[in-house]
Amino acid sequence: MPELPEVETIKSELLPHIIGRRFTGVIVYDAKPVRQPSVEEFRRKLVGQKITSLERRGKYLIFHLSSGDVLVTHLKMSGALLLNPKQTDRHARVIFHLDNGSQLVFTDRRRLGAVWLLENEQAVTGKLGPEPLTPKFTAETLAKRLQSHQAPIKAVLLDQAFLAGIGNMYADETLFAARIHPLRKANSLSPQEIRNLHKAIVDILRSAIDSKGASVDTYKRPDGQLGTAHFNFCVAHRGGKPCPVCGTAIQRLAIRNRGSCFCPNCQNP
DNA sequence: CTTGGGACCTGGCTGC
DNA sequence: TGCAGCCAGGTCCCAA
């Protein structure tokens with residue numbers, strides 16, 4: 001599942017291969033992911049445009065084009081952007097042909113992913129919360145934003161309008177690193193716990209980026225390689241297995257219909 | 001405003 | 001071995 005570290009990895013590995021390239025053709029095998037505009041307009045407007053820059057916002061990728069328009073992608077659960085894959089599988093949804101002969105393949109097994117071609121990205125990314133890996137995201141910022149939430153901290157961390165880019169696995173890892181129980185009410189955290197949580201968010205995300213993301217499910221980098229961040233996971237996707245710190249069995253429960261793994265000993269309620 | 005539940009979607013897994 | 005049904009989770013939509 002591509003979360004911030006996975007999307008950041010895709011961005012940085014795609015970047016050198018696509019900057020300055022021009023779209024020469026766009027083949028839509030599945031219209032479902034093309035959210036805006038119509039498939040016909042999507043193709044017509046895209047062909048001929050040059051990619052001038054590529055940025056990540058939360059879990060979105062934003063391709064800036066020479067026309068001023070932006071191509072925005074979200075990979076959701078099972079999406080990937082593959083560069084010149086050896087074989088195009090049956091899950092290829094859109095193929096972008098570039099002027100150097102390369103193919104950029106948007107593939108997505110579960111068909112939840114989406115692409116937009118827009119005048120600007122605000123309609124899609126406008127409601128996102130702060131970027132956790134920018135200097136503006138401080139423990140003080142976090143503390144202030146937590147005050148207005150009494151939902152479980154795990155649910156709040158998953159809210160993209162609260163903080164952009166964290167998904168289920170990194171929320172679990174972050175709370176474990178900060179020793180905070182996922183059901184704690186967000187506005188009940190002490191100043192020290194908030195400082196710990198802030199540090200955990202930054203550390204966990206940075207280290208996952210260093211490991212090129214986590215390949216627990218279908219996540220692949222543009223060249224088809226896997227990431228290794230999941231080898232460092234302490235609790236995420238480890239329900240029933242021993243806690244690496246104390247050996248207690250990792251517990252699993254549903255919060256907001258999402259599986260949450262935590263150590264009942266290290267993360268006290 | 002916040003909160004929580006259902007829907008979307010497909011393939012891997014479970015259990016009969 | 002076959003197959004129905006469950007489950008995974010990012011985000012949108014809706015109701016309270």
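Residue numbers begin at 1 in each chain, while the letters A, B, ... track the order of the sequences.
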Completion exercise
All heavy atoms of A:A155 vs all of A:R256, minimum pair found to be CB-CG, 3.8 Å

Practice task
Check DNA chain C against residues 71-81 of chain A and give the residues with a non-hydrogen atom under 4.0 Å, in numerical order.
Solution key: A:H74, A:K76, A:M77

Fill in the blank from the handout: Atom CD1 of A:I166 and atom C1' of C:dT11 are separated, to the nearest Å, by 16 Å

Problem - A:M1 CE - B:dC8 P separation (whole Å) - result: 21 Å

Problem - Within 45° cone of A:F176 ring axis and under 6.0 Å: A:R179 NZ or CZ - result: yes

Problem - Test item: A:R21 side-chain N/O and A:D99 main-chain N/O as donor-acceptor pair under 3.5 Å - result: no

Completion exercise
In whole angstroms, the gap separating P of C:dC7 from CZ of A:R109 amounts to 17 Å

Exercise for the section: With a 4.0 Å heavy-atom cut-off, tell me which residues in residues 251-258 of chain A come close to DNA chain C, sorted by residue number. Expected result: A:R252, A:R258

Exercise for the section: Please say which of A:D108, A:D217, A:T218 ends up in a side chain to side chain donor-acceptor pair (under 3.5 Å) with A:S78. Expected result: A:D108

Exercise for the section: Return the value, rounded to whole Å, for the distance between atom CG of A:D30 and atom C1' of B:dC9. Expected result: 11 Å

Exercise for the section: Starting at atom CG of A:N187, determine the distance to atom P of B:dT3, rounded to an integer number of angstrom. Expected result: 8 Å

Handout entry: Within residues 140-158 of chain A, residues whose heavy atoms come under 4.0 Å of DNA chain B
Key = A:S148, A:H149, A:Q150, A:A151, A:P152

Handout entry: Sugar-phosphate, base or nothing in reach of A:Y60, heavy atoms under 4.0 Å
Key = sugar-phosphate

Practice task
Establish whether A:V72 and A:L65 are linked, either directly or via other cluster members, by ILVMFWY side-chain heavy-atom contacts under 4.5 Å.
Solution key: no

Handout entry: Separation of C:dG10 P from A:Y219 OH (nearest whole Å)
Key = 15 Å

Exercise for the section: Please check if atom NZ in A:K220 has more than 12 non-hydrogen atoms from other residues, nucleotides or ligands closer than 6.0 Å. Expected result: no

Practice task
Could you check whether the rings of A:F233 and A:H237 sit parallel, tilted or perpendicular, using 30° and 60° as the cut-offs?
Solution key: parallel

Fill in the blank from the handout: Rounded to whole Å, the NZ-P distance (A:K127 to C:dC13) equals 8 Å

Exercise for the section: May I ask you to evaluate whether A:R90 reaches the phosphate of B:dG11, defined as a side-chain N or O under 4.0 Å from OP1 or OP2? Expected result: yes

Practice task
Check whether any side-chain nitrogen or oxygen of A:R111 sits under 4.0 Å from OP1 or OP2 of B:dT10, and answer yes or no.
Solution key: yes

Problem - Under-4.0 Å salt bridge between A:D223 and A:K212 - result: no

Problem - Residue met sooner reading DNA chain C from 5', once A:V124 and A:G259 are mapped to nucleotides - result: A:G259

Fill in the blank from the handout: Quick note, A:K59 side chain, CB onward, closest among C:dG10, C:dC12, B:dT10 is C:dG10

Handout entry: CD (A:E119) with more than 12 external heavy atoms under 6.0 Å
Key = no

Problem - Nearest-Å distance for atom pair CG/P, residues A:L163 and C:dG10 - result: 14 Å

Exercise for the section: Classify the ring geometry between A:H149 and A:F162 as parallel (under 30°), tilted (30 to 60°) or perpendicular (over 60°). Expected result: perpendicular

Practice task
State whether a side-chain donor-acceptor pair under 3.5 Å links A:N120 with A:Q122.
Solution key: no

Practice task
May I ask you to decide if the ring planes of A:F137 and A:H198 are parallel, tilted or perpendicular, using 30° and 60° as cut-offs?
Solution key: tilted

